[in-house]
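The block underneath contains the structure these notes are about, expressed in structure tokens.
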Amino acid sequence: MSSLTDRYLAATLRTVPAARRAEIETELRGSIEDMIDGRRADGRNAATAEREVLTELGNPAQLAARYADRRLQLIGPTYYLAWERLMKLLLSFVPATVGIIVGLLDATDGKNPGGAVGAGVATALEVAVQIAFWVTLVFAVLERTNTSLHLPAWTVDQLPEVQTNRQITLVDVAAAIGWLVLVIAYLPIQHFHSFVPSGDGNLPILDPALWSFWLPFLIAVLVATIGLEVAKYRAGRWTWPLVAVNAVLDLAFAVPVIWLMSTDRLLNPEFVDRFAWLGREENLNTLATIVVAGTALVVLWDIVDSAIKTYRNRH
């Protein structure tokens, strides 16, 4: 476990200019140690003295702003940090989620794939602008009217643990979300443009009857999985609650796919009839076995891998 002082320094130095971090760390650490020694001379124990000193220094984000000569002010400084945290939280998932939903609805209503994607992107941008405007307006009104939000005072217990290495990187999360978005987009798009020609035009690969329940359900599971990826990145590493949610979402996607494929309900019957080799029962059974086994192995590997990583974090 890192000391409170180490955690406080890490939280402070995270947002100061890199060129000054070593200088500021030396200066700040020396000041903290001197202040602790002064309180210990008055009879306090080391732990109590350390907590008192860090509490007196205050929120590390505000201290870092003073070192960097950065003003914490939009309309005023009182609620700037609360405004910043809320904006980051809302913009991290709300615009993307709304954009995906709008794009899917447009695709299912018969709009061409390009138009559906364009509508989703435009909606996401509009939602982001609306969030930024209304949240800022609300905080400006609160600041101008001196309305108290009764926010809890900062304490050293809020200091995060110093993470020497991040287990879940931004590249990994971005790749996972990108793949999920492609899968989500293809489920409705294949109904209108599956790249499989037929005499009557487009030939969906998946059974159109699944739109009555299963395809919307699978899309909802994939959207929830995007939320899980965001949560994983914010946590920085696997935890047991994340493992549990990941297992539930994996099973919520895999079980319907396996059941539908095993009962010949996943593929469009017209798509099966389109290819002679698929029309043979033994070939269709082989394909079903490959899909079922592949889905089961991928899900099992994902669950076991996440559990192993979490176990190693705790030991």
Side-chain angles (χ1 to χ4, degrees), residues 1-74 76-89 92 139 148-170 173 230-245 306-315:
M1 295 289 290
S2 53
S3 69
L4 288 177
T5 299
D6 291 335
R7 292 160 58 189
Y8 189 92
L9 288 171
T12 302
L13 298 172
R14 186 166 57 241
T15 55
V16 300
R20 296 194 58 202
R21 285 177 186 169
E23 171 194 349
I24 293 173
E25 180 180 10
T26 302
E27 176 185 342
L28 185 55
R29 187 182 292 276
S31 298
I32 292 173
E33 290 174 353
D34 290 342
M35 294 170 70
I36 292 175
D37 290 339
R39 281 170 168 75
R40 293 190 66 184
D42 294 337
R44 297 176 177 83
N45 61 49
T48 301
E50 184 180 35
R51 294 182 68 88
E52 289 179 356
V53 167
L54 297 180
T55 301
E56 181 179 328
L57 287 174
N59 192 324
Q62 293 178 330
L63 184 60
R66 291 199 294 270
Y67 273 113
D69 196 24
R70 177 168 52 89
R71 297 178 64 190
L72 295 180
Q73 184 170 326
L74 178 67
T78 305
Y79 296 132
Y80 179 86
L81 292 175
W83 168 86
E84 185 181 45
R85 286 194 299 269
L86 183 59
M87 285 286 290
K88 288 180 178 179
L89 174 63
S92 67
F139 274 90
S148 176
L149 294 180
H150 302 289
L151 298 175
W154 181 88
T155 68
V156 294
D157 294 323
Q158 298 175 20
L159 289 172
E161 286 291 340
V162 178
Q163 294 184 1
T164 56
N165 53 358
R166 171 177 279 273
Q167 187 181 50
I168 299 173
T169 65
L170 180 60
V173 172
V230 174
K232 283 164 51 181
Y233 179 73
R234 291 175 65 87
R237 57 187 59 250
W238 281 101
T239 63
W240 288 116
L242 290 176
V243 171
V245 174
S306 63
I308 291 174
K309 290 178 179 177
T310 306
Y311 179 80
R312 288 175 177 172
N313 290 339
R314 298 291 297 272
H315 296 79

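Taking OG of S306 as the start and CH2 of W240 as the end, the distance is 8.0 Å to the nearest 0.5 Å. Rounded to the nearest 0.5 Å, atoms CD (E50) and CZ (R40) are 10.5 Å apart. One finds the CG atom of L54 at 6.0 Å from the CD1 atom of I36 (value rounded to the nearest 0.5 Å). A distance of 12.0 Å separates CG of L81 from CH2 of W154, quoted to the nearest 0.5 Å.
When all heavy atoms are compared, the tightest approach of Y233 to I168 is CD1-O, 3.9 Å. The heavy-atom pair separating W238 from V243 by the smallest distance is CE3-CG2, 3.9 Å. T15 and A64 get closest at one heavy-atom pair: OG1-CB, 3.3 Å.
Residue pairs that meet the side-chain hydrogen bond (donor to acceptor under 3.5 Å, both in side chains) test with at least one member in residues 20-35, sequence neighbours left out, are D6-R29, E25-R29.
Residues passing the side chain to side chain contact (heavy atoms under 4.5 Å, CB included) test with D42 are R44, sequence neighbours excluded. Residues meeting the side chain to side chain contact (heavy atoms under 4.5 Å, CB included) test with A82, sequence neighbours left out: R85, F139, L151.
Within the 4.5 Å cutoff, the side chain of R51 has heavy atoms near those of the D157 side chain. Residues E56 and R39 form a side-chain contact, since some pair of their non-hydrogen atoms from C-beta on lies under 4.5 Å apart. Contact annotation: the side chain of I32 approaches that of L57 to within less than 4.5 Å [non-hydrogen atoms, C-beta and beyond]. Contact annotation: the side chain of L9 approaches that of L28 to within less than 4.5 Å [non-hydrogen atoms, C-beta and beyond]. By the 4.5 Å heavy-atom criterion applied to side chains, T5 and V53 are not counted as neighbours.
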For L63 and Y8: C-alpha separation, side-chain torsions, deciding distance, then whether side chain to side chain contact (heavy atoms under 4.5 Å, CB included) applies.
CA-CA 10 Å; L63 184 60; Y8 189 92; 3.5 Å; yes
Determine, stepwise, if the pair L13 / I24 fulfils side chain to side chain contact (heavy atoms under 4.5 Å, CB included).
CA-CA 8 Å; L13 298 172; I24 293 173; 3.8 Å; yes
